[in-house]
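A quick write-up on the structure given underneath.
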Amino acid sequence: MALISDMSEARSQFPILERILPNGKKLIYLDNAATSQKPSSVIKAMNEYYTGYNSNVHRAVHTLSGEATEAFELARQSVANWFGLPSGGMVLFTSGTTDALNLCALGWGKVNLNSGDAIVLTEMEHHSNIVPWQMLAKEKNLELRWVDVNPETYELDLDDYISKIKGAKLACIIHTSNVLGTRNPVENLVKLAHESGAKIILDCAQAAAHEKLDMEKINADFLAVTSHKMCGPTGIGALLISPGIFEEMEPVVGGGDMITEVFKEYSIYQENEHRFEAGTPRIAEAIGWSAAINWMRKLDMDAAHKHTLKLAKNAADGLRKIPGIKIYGDHSKDDVSGVVSFLHESLHAEDIARMLDSMGIAVRTGHHCAQPLMRRLDVTATNRASFYFYNTLEESNAFVDALKTIVERFA
Ligand code: PMP
């Protein structure tokens with residue numbers, strides 16, 4: 001099938017983007033780093049499941065259950081193929097990135113890390129890649145080492161990483177920052193971790209929305225990914241694990257479906273992915289995610305990201321000309337995502353967001369679940385406009401004009 005390289009054609013497949021808000025304004029959705037919108041094909045696939053073959057999986061011999069089981073396991077295959085999972089690697093379905101990172105901490109970390117072992121984190125991490133490791137560190141007496149972020153270049157301090165990774169057992173690193181848009185040099189970070197004998201997990205929540213990740217090429221031990229930022233439904237994500245890791249993990253949640261036999265005294269666990277997926281899984285969500293992947297397969301990802309960057313750069317350039325605005329992130333680079341974080345020197349971030357909302361423009365305000373990074377940048381919050389391929393240059397310009405008006409009127 002021909003690739004969609006015309007972004008207005010891509011946009012036409014997202015019905016919500018035509019939404020008129022209660023105040024009569026046309027929606028300009030610039031909160032894509034929080035969650036992306038969904039194309040009609042994803043909504044249709046989930047609707048077809050509920051109207052045509054809704055049934056539990058893996059449990060019954062009837063037709064509906066067979067159809068649901070087949071669609072669910074095909075979705076797992078589709079995720080594995082999309083992310084370039086090497087043969088022998090596994091897709092463990094979770095509720096999202098947060099759940100995947102927690103599964104790594106409890107299913108792998110708890111079993112394989114011992115008192116005194118060190119974990120390397122960065123100041124750029126999302127809370128979901130901090131709190132699970134803090135909890136584990138408290139329980140198992142682990143050391144957490146923090147890699148510095150340079151507040152001028154918005155990049156990781158590579159020398160600091162090189163010194164902190166020495167002797168560490170695990171590195172937990174954000175692939176692409178949800179605040180700065182910085183894409184970390186993950187291929188090099190993985191290489192350095194492995195050279196010093198550490199395993200590495202990458203938080204790919206943002207990255208998966210903007211680039212086609214290839215796990216075999218990246219060579220990390222674990223990738224944590226989520227569906228809802230890459231045009232799929234909420235409620236599902238995955239921990240992708242490299243060959244050989246599965247055998248080092250212990251299940252975290254017990255119950256139906258993750259066992260082969262249960263006796264009064266003990267249980268025998270499944271030998272496959274189901275070992276980590278107790279209870280009824282996220283069937284409709286897996287089918288929806290698979291439909292999103294099928295949709296993304298038709299999209300020219302390079303053209304889409306080029307377009308997204310053009311809009312983000314256009315907005316950043318426009319904002320820079322508005323008196324009192326400071327931008328956090330370097331938009332002169334081509335390897336950043338579509339986020340533009342900013343603050344005005346006197347207007348409160350939340351007031352700006354409310355005024356933009358009254359003009360139909362949805363942006364995010366707050367610490368973006370990255371408080372250590374906020375402290376490093378010496379702020380408590382930022383405004384964040386995040387662009388995606390279905391946004392338009394008119395929307396990017398309208399956002400800049402709206403901000404100009406707000407600053408002229410209220411600053
Ligand atoms: N990591 C990053 C970098 C994120 O941007 C997010 C979502 N805000 C998460 C983790 C959490 O992802 P999820 O919503 O899938 O749990």
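Small disclaimer: the values here were computed from a predicted structure and weren't measured. Counting convention: from 1, in listed order, for ligands and their atoms alike.
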Between Thr382 and His368, is there a side-chain donor-acceptor contact under 3.5 Å, judged purely by atom types and distance?
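Yes.
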
Looking at Arg183 and Glu211, does any basic side-chain N land under 4.0 Å from a carboxylate oxygen?
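Counted as a salt bridge, because a side-chain N and a carboxylate O are separated by less than 4.0 Å.
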
For His367 and His127, take the angle between the two ring planes, folded into 0 to 90°, and tell me which bin it lands in: parallel under 30, tilted 30 to 60, perpendicular over 60.
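His367 and His127: tilted rings.
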
Pair up each side-chain donor or acceptor in residues 250-260 with any protein partner under 3.5 Å, not counting sequence neighbours, and list the distances.
from   : atom 1 : to     : atom 2 : distance (Å)
Asp257 : OD2    : His58  : ND1    : 3.2
Thr260 : OG1    : Ile268 : O      : 3.3

Kindly state whether the ring of Phe72 and the ring of Phe93 have centres lying under 6.0 angstrom apart.
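Yes, close enough.
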
Ligand 1: which residues have a non-hydrogen atom closer than 4.0 Å?
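Protein residues near ligand 1 are Gly96, Thr97, Thr98, His126, Ser128, Ile174, Asn178, Asp203, Ala205, Gln206, Thr226, His228, Lys229.
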
Testing Ile287, Ile43, Val42 one by one against Pro233 for a side-chain contact (heavy atoms from CB on, under 4.5 Å), which residue passes?
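Option passing the side-chain contact (heavy atoms from CB on, under 4.5 Å) with Pro233: Val42.
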
